[in-house]
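Just so it is clear: chains get the letters A, B, ... in the order the sequence lines come, proteins before strands, and each one is counted from 1. Being a predicted model, the structure only gives us computed values, none of them experimental.
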Amino acid sequence: MNNHSENFEEHVHRDDFGAKMGMWLFLFTELLLFGGLFLLYMAYRLQYSHEFHIAARELNIGIGTFNTIILLTSSMTMALSITAMRLERKTLSLFLLASTILLAFGFLVNKFFEWSAKFGHGLYPGSDVLLDKPRGEYLFYGMYYAMTGLHAIHVIVGMIILTFMFVFISRNSITSTNYIKLENSGLYWHLVDLIWIFLFPLFYLMR
Amino acid sequence: MSENIESKPYISYLQAESKHKGIFKWILSTDHKRIGIMYMMGMMAFLLVGISLGFMMKLEMLTPGKTIMDAQTYNAFFTLHGVIMIFLFIIPGLPAVFGNFMLPLQIGARDVAFPRLNLLSWWLYVIGGLFAIVSLFLQGGPIDTGWTFYVPYSIRTGTNVSLPLFAAFILGFSSILTGLNFVTTVHRLRAPGMTFFKMPLFVWAIYSTAWIQVIATPVVGITIILVIVERAFSLGIFDPALGGDPLLFQHLFWIYSHPAVYIMILPAMGAVSEIIPTFSKRTIFGYKAIAFSSLAIAFIGYFVWAHHMFTTGISEVSRFIFSLLTFLVAIPSGVKVFNWVATLYKGSITPGPPLLFVMMFIFLFSIGGLTGLILGSLATDVHVHDTYFVVAHFHYVMFGGTVMIFFAALHYWLPKMFGRMYNEKVAKWSIALIFVGFNMLYFTMFILGYEGMPRRYWDYLPQFQTLQIISTVGSWILISGILLMIGNLNRGIKRGAKAVANPWGGKTLEWTIPSPPPVHNFDVIPVITHGPYNYGEEEEK
């Protein structure tokens, strides 16, 4: 902590450690935001465990696995992009960041096809098909859309943030000595990835 | 204020120029002091709206049956009164105004850790407030669910629920950003030599509060979003007709909203711990005990939420545990009260307006706290649940507690913030009016509630009328006291005598710089060598 406070007088607006601390606190609030949903999932899974099992069989495990691989790869390219920036390899960093954004886009495309297929089978909240099913299955889809939907919003926000970072790097406002913004965006992206890592088994694998 | 305060070699933050013009000098400023003042303006406006709604509700209660409004309007009024007072006034309250203004000054910093994020918080606050106001005038009519938004009614009602809920979500986001900003500020920007145990107790309180804001608010955020989504797409999560469990809504709601009670009261307790040493010229008694009790309240407060749900049919065991945990909160609260009183003992007391407010706070908050124990015990809670008793209790702790200290802090720090003094004699008259009016208005509610008057009812039985009339007259006295106070402060800001740097003889850092503070707070960042309340008696370690 102390090595930073010496620089404080010259750089009133530059405190990388503080910036990272703020980011971690923010990520903590994100965890709690999803935490509410995980809590609800747990309560309903206990209450309707049989129906949850049956409903989960409808989900496409192939797309889910593929999306997991995509997100994990994007987390890797994100981390590599930061390392490349630290090693002063700007072009490589830009390329890796662009790959991350593209992978995120790929994730959303997959998600789109997955959701449309569900809608095609009438598996959406308020549909007659779902209303005819037992209440536990209805709730499974309620939780499914709520949690993957909120996650998808986070993916979109992540893409926007990463696009900004791309612009910042190309304009040299993120450099090899001042890359805290990129690092914090990376932290955010890893969180988005991590949440999916929990969503995937809860919805696709526990059947 | 435009005239130059003598020809001092500094530029106060009120006069400072920036690249922006006119009002943009303020609404685009990242100066924590200006942001604090802007929060204050917003909050005073919403306070007046909330007071007007309360005034009309009490007027309606003057006679049984219809007095001035119909039942549906009354439903909307008590909802709006709650939403505005809680989400737009008390929760941002002391942290946003005095936390913003005083926290960097008290720890010897030039600004908060993230000044631009701070401005964003204020903008979110304004946008949230606007959404809440706009929702009143849309088709469907104003929200009528009560400020707790309980499902399933909030899913079914045809009034505008989604927009005010979204407003509450935005306000929560604003609160989270303020919280993480303050936590980082306290960790990163303390002046050299200011260890955690040399921080003023107000900083301790703001720090504990900031943690609660960060930890608790996201939970209500997701809960609110789920209700909006439920209304739009019927996911079924909180809808019993679709298999959902409305009780889970109450759990998630109170997981935030009970700790939020401590978001409201902790900063007030911090301000009390500033005012008492200054006005009794004594080192605070039990510095560490007060500091740790703030953390203890923040911690225990997180585990008591279900005491709002004693009559909902949750299990006997959990009711027992939550009741026990609720009683535990009384311990750190009691520690604080005893330490404050012990600080006053043998002190050289000056009964200035801030201290009078604090005295009133201790009196009212003790009544509020003790009646809280009645509500916390299972047997008595069943009897007085959802009656005026509860209304009286939370007005004694929220209004008699937090808001009184908000007023005290206004009187304490106003000379610092604006470099002007208000009329102390008028201030004391307003305090007397507030005290009499407050007790007439709310103490009668304890009796009414005990006798069985339910809360949120538009009508009542004729035998309650005498007490209702006393209560309504009390509201008039209270409001005239508050208006007198606001007028006096406003006059002080505009035309009051110039204030010196340290009018009360305070020892914390904000009193070492000129009033109003210069733009960059400190020309030289101070080096801290002793505790915050060094009145030259026995050193407290």
Side-chain angles (χ1 to χ4, degrees), chain A residues 1-2 4-6 8-9 12-44 46-48 51-52 55 124-127 130-131 133-147 149-150 153, chain B residues 30 109-117 172-173 176-177 179-185 187-192 210-211 213-226 229-230 232-245 247-249 251-253 255-256 520 524-525:
Chain A
M1 259 194 178
N2 280 333
H4 283 279
S5 49
E6 289 153 22
F8 174 66
E9 285 301 314
V12 178
H13 295 295
R14 172 88 191 270
D15 177 10
D16 288 357
F17 188 91
K20 217 181 232 179
M21 188 172 174
M23 191 64 201
W24 276 107
L25 284 169
F26 179 71
L27 295 183
F28 192 40
T29 67
E30 287 279 8
L31 282 182
L32 286 160
L33 185 79
F34 278 94
L37 283 168
F38 280 110
L39 213 60
L40 286 170
Y41 177 92
M42 188 180 78
Y44 289 133
L46 284 173
Q47 197 178 341
Y48 298 106
E51 287 91 335
F52 267 48
Y124 56 87
S127 74
L130 263 192
L131 282 170
K133 287 181 185 281
R135 288 294 171 247
E137 291 189 41
Y138 191 97
L139 272 179
F140 177 85
Y141 282 101
M143 292 310 301
Y144 168 77
Y145 283 112
M147 293 178 88
L150 186 66
I153 292 173
Chain B
T30 55
R110 295 217 159 94
D111 208 322
V112 291
F114 310 114
R116 280 190 293 181
L117 204 60
F173 200 53
I176 288 174
L177 293 181
L180 75 86
N181 209 342
F182 287 173
V183 169
T184 315
T185 306
H187 276 282
R188 298 297 296 161
L189 296 182
R190 278 169 289 130
W211 269 111
Q213 286 176 304
V214 168
I215 294 175
T217 319
V219 181
V220 83
I222 190 64
T223 315
I224 281 173
I225 290 294
L226 281 174
V229 174
E230 190 76 64
F233 303 113
S234 24
L235 291 185
I237 293 176
F238 291 136
D239 192 342
L242 297 170
D245 188 348
L247 261 193
L248 285 174
F249 170 87
H251 276 296
L252 287 178
F253 181 83
I255 283 178
Y256 163 75
H520 292 295
V524 180
I525 297 288

J.: What option among A:Gly36, A:Gly126, A:Gly22 has the most heavy-atom pairs under 4.5 Å with chain B?
T.: A:Gly22
J.: Counting only heavy atoms closer than 4.5 Å, note whether A:Phe26 contacts chain B via side chain, backbone, both or neither.
T.: both
J.: Side chains of B:Phe253 and B:Val220: does their closest heavy-atom pair fall under 4.5 Å?
T.: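 Yes, at least one pair of side-chain atoms sits under 4.5 Å.
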J.: Out of B:Ile255, B:Val214, B:Leu117, which one racks up the most heavy-atom pairs below 4.5 Å with chain A?
T.: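 Of the candidates given, the most pairs with chain A belong to B:Val214.
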J.: Which bit of B:Leu252 is near chain A, if near means a heavy-atom gap under 4.5 Å: side chain, backbone, both or neither?
T.: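 Just its side chain gets close to chain A.
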J.: For the residue pair A:Tyr145 and A:Tyr141, categorise the inter-ring angle as parallel (less than 30°), tilted (30 to 60°) or perpendicular (more than 60°).
T.: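 Correct class here is tilted.
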J.: For A:Leu31, is it the side chain, the backbone, both, or neither that has a heavy atom closer than 4.5 Å to a heavy atom of chain B?
T.: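 For A:Leu31, neither part sits under 4.5 Å from chain B.
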J.: Given heavy-atom pairs under 4.5 angstrom as the criterion, report whether the side chain, backbone, both or neither of A:Tyr144 touches chain B.
T.: neither
J.: Taking the side chain as every heavy atom from C-beta outward, state whether A:Met143 and A:Leu37 have any atom pair closer than 4.5 Å.
T.: yes
J.: If you draw a 6.0 Å radius around CZ in B:Phe233, do more than 12 non-hydrogen atoms from other residues or ligands fall strictly inside?
T.: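 Not more than 12 within 6.0 Å, no.
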J.: Can you tell which part of B:Leu242 gets under 4.5 Å to a heavy atom of chain A, answering side chain, backbone, both or neither?
T.: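 Contact with chain A involves both backbone and side-chain atoms of B:Leu242.
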J.: Please assess B:Ile525 against B:Arg110 for the test side-chain contact (heavy atoms from CB on, under 4.5 Å), listing each intermediate value before the final yes or no.
T.: CA-CA 8 Å; B:Ile525 297 288; B:Arg110 295 217 159 94; 3.9 Å; yes
J.: Give the C-alpha distance, both sets of side-chain angles, the deciding distance and a yes or no for ring-ring contact (aromatic ring centres under 6.0 Å, His included) between A:Tyr41 and A:Phe34.
T.: CA-CA 10 Å; A:Tyr41 177 92; A:Phe34 278 94; over 10 Å; no
J.: B:Phe173 versus chain A, heavy atoms under 4.5 Å apart: side chain, backbone, both or neither?
T.: side chain
J.: With a 4.5 angstrom heavy-atom cut-off, is it the side chain or the backbone of B:Asp245 that approaches chain A, or both, or neither?
T.: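 Both backbone and side chain of B:Asp245 come within 4.5 Å of chain A.
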J.: Sort A:Leu131 into side chain, backbone, both or neither according to what part of it lies under 4.5 angstrom from a heavy atom of chain B.
T.: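 Just its side chain gets close to chain B.
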J.: Can you measure from CD1 (B:Ile215) to CD1 (B:Ile176) and round to the nearest 0.5 angstrom?
T.: 11.5 Å
J.: Identify which part of A:Ala146 has an atom lying under 4.5 Å from any heavy atom of chain B, answering side chain, backbone, both or neither.
T.: both
J.: Do B:Leu248 and A:Tyr44 have side-chain heavy atoms sitting under 4.5 Å apart?
T.: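 Of all side-chain heavy-atom pairs linking A:Tyr44 with B:Leu248, at least one is under 4.5 Å.
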J.: Which atoms of B:Ser234 come close to chain A, meaning under 4.5 Å heavy atom to heavy atom: side chain ones, backbone ones, both, or neither?
T.: both
